[in-house]
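Here's the structure, in structure tokens; my notes come after.
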Amino acid sequence: MAQLPPGIRFITSFSRDQWYRAFIFTLTFFLYASFHLSRKPISIVKGELHKHCAASHGVELGSYKEYAAQIQSVRKLSNASQCGWEPFDKNNYKQLLGALDYSFLCAYAIGMYLSGIIGERLPIRYYLTVGMLASGLFTAMFGLGYFCNIHNLWFYIMAQIANGLVQTTGWPSVVTCIGNWFGKGRRGLIMGIWNSHTSVGNILGSLIAAYWVSTCWGLSFVMPGVIIAVMGIVCFLFLIEHPKDISCSCTPSSRDHEPSISTEFVVSSKAFLNGASRFRVQMPTLNAKETIKSQDPEMQHLLIDSENSVTSQNSSTVGTGEGRHGTSAISFLGALRIPGVIEFSLCLLFAKLVSYTFLFWLPLYITNVEHLDAKRAGDLSTLFDVGGIFGGILAGLISDRLEKRASTCGMMLLLAAPTLYMFSTVSKMGLEATVVMLLISGALVNGPYALITTAVSADLGTHKSLKGNARALSTVTAIIDGTGSVGAALGPLLAGLISPSGWNNVFYMLMVADGCALLFLLHLIQKELRCNADHTLFKEH
């Protein structure tokens, strides 16, 4: 018998379940990368919407009146004035561009709280598909303003609001799906790698938008809109929400399960999802003393602190209404009662404020400081996201090794604040220094943000107090990311208001935000440091 070819041996070395996991990992990676790909064009196009004024020898807002007076006599009556695209060619262009960011992010923050609750009650594949198709439509709608010669500010604001609302379908859906397929054993590293889709999407969005920004900026929006719509169709055709939907034997593994306890599998003939039978796992219950003894010291401390509240509120933690999994959906207030949800949510508010300020304003900052055109500034800004990829993976790896999520976030936040100050100083010394600081800042800023929105959200969504109700993951994810999105809305808005007084003041604002993010984690860090065991603060059901 002939020996199998190396490629076939490689394929057969993995089980069917492992291939399915790899497929879902890759599919959800590119699905959410397309979301960020469609968000990035606005930051690249800003330099074109106010091209000459924004890049005119680094002049500040105070001198724009004189500059505008000099060019007024030679301004042409065309689609784009010599100072950019109306109405963004005025002296208050930073406030107008900030309003575009605020419109999108405010709608995103409000919609996110509802998205997780709605997403728990609908099939993820349909919910995500509709959201991606609608997002493609509204992203392209912004670009149509160029081709239709639209100069009404409210047209662009409404496009941003609509896009912000429909984009909330993405994050709770993909995190729930990836949480269903991967257990907690190496969740920090796996999700750290997986969460690099954020930076990959930003990089691709920057490159695509920058390709057309100087010649036809409308295509900078239309093409990303087409891409996310196509990915929505791919989602509808291929996304598998749960291993049980294909009778896959792989279930999210957990090192927290006691090996000596046997499980009983009962087939429920009434529980279906997409036509596939679902299995319900019934775990034998232990008395209170045995349960606490089986926990690690850190979890014991948590249960002792909140035992009465968790027990008395157990009935209210799980909301009413049968969901698609045959179990009740958790209520909004019930999700807030999970230990750690509020602290991490408030931390993410300030961490995401910093991250999204860079996302929306970094290309314009580079244009002003380095005196580059919109395309080169957009290309250079991708280095911040490259650093973010390594930062997310590093945060996940460290948190898995230390088994302390809050301490890992706190360490990176502590280093991020002085790094931001160095960035504001060093970036004025030349292009080479800017490149180095972009990579370092991206890693430290996006590291905690990536860890909280992925591994921490998944940990909290499968917390012991939920008594095995894994359906809380979508709601918990939406609460954490929704609160973070409030900061994401405030950051670009504050940058637009503060930047006329000088970019240094913007960086001071970002350093204060990093400090506030660290402040909200101090209580959880203190708990982790008091623990001598090698177990995480959060236990999977």
Side-chain angles (χ1 to χ4, degrees), residues 21-44 108 128 131-132 135-136 139 167 169-171 173-175 177-178 181-182 187-213 220-221 223-232 234-235 238-239 351-352 354-356 358-360 362-363 375 377-397 435 438-455 457 481 484 488:
R21 283 193 180 190
F23 173 74
I24 294 300
F25 182 96
T26 305
L27 178 61
T28 53
F29 180 96
F30 285 107
L31 288 179
Y32 202 73
S34 66
F35 274 94
H36 268 264
L37 181 149
S38 65
R39 296 177 196 175
K40 189 65 177 178
I42 184 65
S43 66
I44 304 300
Y108 185 87
L128 187 55
M132 296 181 77
S135 182
T139 300
Q167 288 233 346
T169 60
W171 189 242
S173 300
V174 295
V175 171
C177 185
I178 203 74
W181 280 87
F182 291 90
R187 180 177 280 165
L189 176 60
I190 292 173
M191 286 196 162
I193 298 173
W194 177 74
N195 191 67
S196 62
H197 54 49
T198 299
S199 298
V200 170
N202 290 339
I203 292 171
L204 292 176
S206 298
L207 296 176
I208 292 172
Y211 184 81
W212 281 288
V213 66
S220 296
F221 290 92
M223 294 308 297
V226 171
I227 291 173
I228 190 174
V230 170
M231 291 302 297
V234 172
C235 171
F238 296 105
L239 184 66
K352 207 167 181 179
V354 178
S355 180
Y356 268 66
F358 274 94
L359 175 68
F360 283 93
L362 182 58
K375 183 182 185 306
D379 292 341
L380 187 61
S381 68
T382 61
L383 293 175
F384 182 83
D385 295 298
V386 173
I389 293 175
F390 293 104
I393 296 173
L394 183 63
L397 186 62
V435 169
L438 280 173
L439 293 171
I440 298 175
S441 300
L444 294 176
V445 168
N446 286 335
Y449 163 39
L451 186 62
I452 293 173
T453 54
T454 53
S457 295
D481 199 53

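Position 1 is the first residue of the sequence; numbering continues from there.
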Rounded at 0.5 Å granularity, tell me how far [atom1] in [X] sits from [atom2] in [Y].
X	Y	atom1	atom2	answer
Ile178	Leu27	CD1	CG	9.5 Å
Tyr211	Ile44	OH	CD1	16.0 Å
Phe35	Asn202	CZ	CG	14.0 Å
Thr28	Leu239	OG1	CG	8.0 Å
Arg39	Ser34	CZ	OG	9.5 Å
Leu31	Cys235	CG	SG	5.0 Å

- Looking only at atom types and distance, does a side-chain atom of Ser196 sit under 3.5 Å from a main-chain N or O of Ile389, one as donor and one as acceptor? no
- Query: With distance as the sole test, does Ser135 use its side chain to make a donor-acceptor pair with the main-chain N or O of Gly131 at under 3.5 Å?
  - Reply: no
Going by heavy atoms in the side chains, are [X] and [Y] under 4.5 Å from each other?
X	Y	value
Asn195	His197	yes
Asp481	Lys352	yes
Ile227	Leu204	no
Trp181	Ile190	no
Ile193	Phe25	yes
Val174	Phe29	no
Ser206	Ser381	yes
Ile208	Trp212	yes

- For Trp194 and Val175, what are the C-alpha separation, side-chain angles and deciding distance, and is it a side chain to side chain contact (heavy atoms under 4.5 Å, CB included)? CA-CA 10 Å; Trp194 177 74; Val175 171; 4.1 Å; yes
- Message: Determine whether Ser355 and Asn446 satisfy the following criterion, side-chain hydrogen bond (donor to acceptor under 3.5 Å, both in side chains), listing intermediate values before the conclusion.
- Response: CA-CA 6 Å; Ser355 180; Asn446 286 335; 2.9 Å; yes
- Message: For Leu438, run the side-chain contact (heavy atoms from CB on, under 4.5 Å) check against Val386, Leu362, Asp385, Thr382 and tell me which one passes.
- Response: Leu362
Crowded around [X] [atom1]? As in, over 12 foreign heavy atoms under 6.0 Å?
X	atom1	result
Phe30	CZ	no
Phe238	CZ	no
Phe390	CZ	no

[X] and [Y]: which non-hydrogen atoms are nearest, and at how many Å?
X	Y	result
Ser38	Pro224	CA-CB, 4.0 Å
Ser173	Leu128	CB-CD1, 4.1 Å
Pro41	Leu37	CD-O, 3.3 Å
Phe358	Pro363	O-CD, 4.3 Å

